[in-house]
Amino acid sequence: MKVIVLQEISSIMSIAIIFNNKDPEIWKEALEQKLKGVTVEIYPTVESPEEIEFILCWKPDKGVLSQFPNTKVIQSVGASVEHITNTQKLNHETVVTRIVDENLSLDMFEFLLSSILFKMKNFDYHSNQKQHQNWFPTNYKTIKETTISILGLGEIGSFVAKELLKIGFNVKGWSNSIKNISGVKSFQGEEELYHSVADANYLINLLPLTLKTENILSKRLMSSLKKGAYIINVGRGEHLVEEDLIELLDSNHLSGALLDVFRKEPLPKTHPFWKHPSITITPHVASLTNVNSAIDIVIQNYNRFKNNQELLNVVSLKKGY
Ligand code: GLV
């Protein structure tokens, strides 16, 4: 667990919520219920921005936090923080924290398992054949014949790797540093990246978005996968080089892709992914923050901040995750 101590004792009495694409009202209600006497304001209706020190954020508009000159803590209400770190000018004393919640990991695992089995047992193919009343039996793979490579073995990636292994998949993972997960071969660094995916039937991207990981799902990487491999992107849209994916699908090197995240969300109606027969699209729903469990993490951090204690789940601004 990453922790940090804030030096100043704060007299903060007010919290601001700055959200895009997420309902702030349920967060406000939950916070007010659990933090008696604390005012919770929803941006842009914040009476005295200079009094705000603790902000809950989700995809804030570019530069908006500069309106809050005394911000000490920015709490992302998701597992990721790039929507904050890439869009705001942060003073180096500001602490950015994120949600680490087993529910997020569990939901992600369930989503990934469903999408892998859906593909493995040819449900996509059969539902397509049904439209033409075609009775076409096909072969299928089994779990123990299937290798999955996971890019990103952080909290969620490690959890998913362990659960997939328990079920019987062969699991490998690539991350910034070697991870010691029994039964999961761990790879590290650029030189091992291509190696880590070489015999994968499924490639799952769970990386945080940083300058180093942007465009990592490139033609070079995706063509290192075995013919017929399947891509699942639940990281960020910016990880994927879109035209490279289309090229490798059209040449049948890849058999398909499930994409949950996109460079622009909602995915524009004219985007070629919508009509591509080998691409399944889900609208960024792989693992949604559960207010009921995440609120306790936010409250703990708020109380820790007020009491000058170590905060939970602090992000390294240098690393970007
Ligand atoms: C979802 O994408 C998250 O960052 O929690």
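These values consider heavy atoms only, across backbone and side chains, with no hydrogens, waters or symmetry-generated copies. Counting begins at 1 with the first residue of the sequence. Counting starts at 1 for both ligands and their atoms, in listed order.
E155 and R98 are not joined by a salt bridge, as no carboxylate oxygen comes within less than 4.0 angstrom of a charged side-chain nitrogen. For K166 and E163, the salt-bridge test passes: some basic side-chain N is under 4.0 Å from an acidic carboxylate O.
Sorted by first then second residue, the ring-ring contact (aromatic ring centres under 6.0 Å, His included) pairs that include residues 276-299, not counting sequence neighbours, number zero.
Looking only at distances, a side-chain donor or acceptor of W174 sits under 3.5 Å from a matching main-chain atom of G189.
Among F109, Y202, F159, the one residue that satisfies the side chain to side chain contact (heavy atoms under 4.5 Å, CB included) test with L164 is F109.
Among protein residues, W58, G78, A79, S80, R236, H284 come within 4.0 Å of ligand 1, judged on heavy atoms.
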Query raised in the report: Are D199 and T147 close enough, and set up right, to give a side chain to side chain donor-acceptor pair (under 3.5 Å), and what steps lead you there?
Result: CA-CA 7 Å; D199 59 352; T147 297; 4.9 Å; no

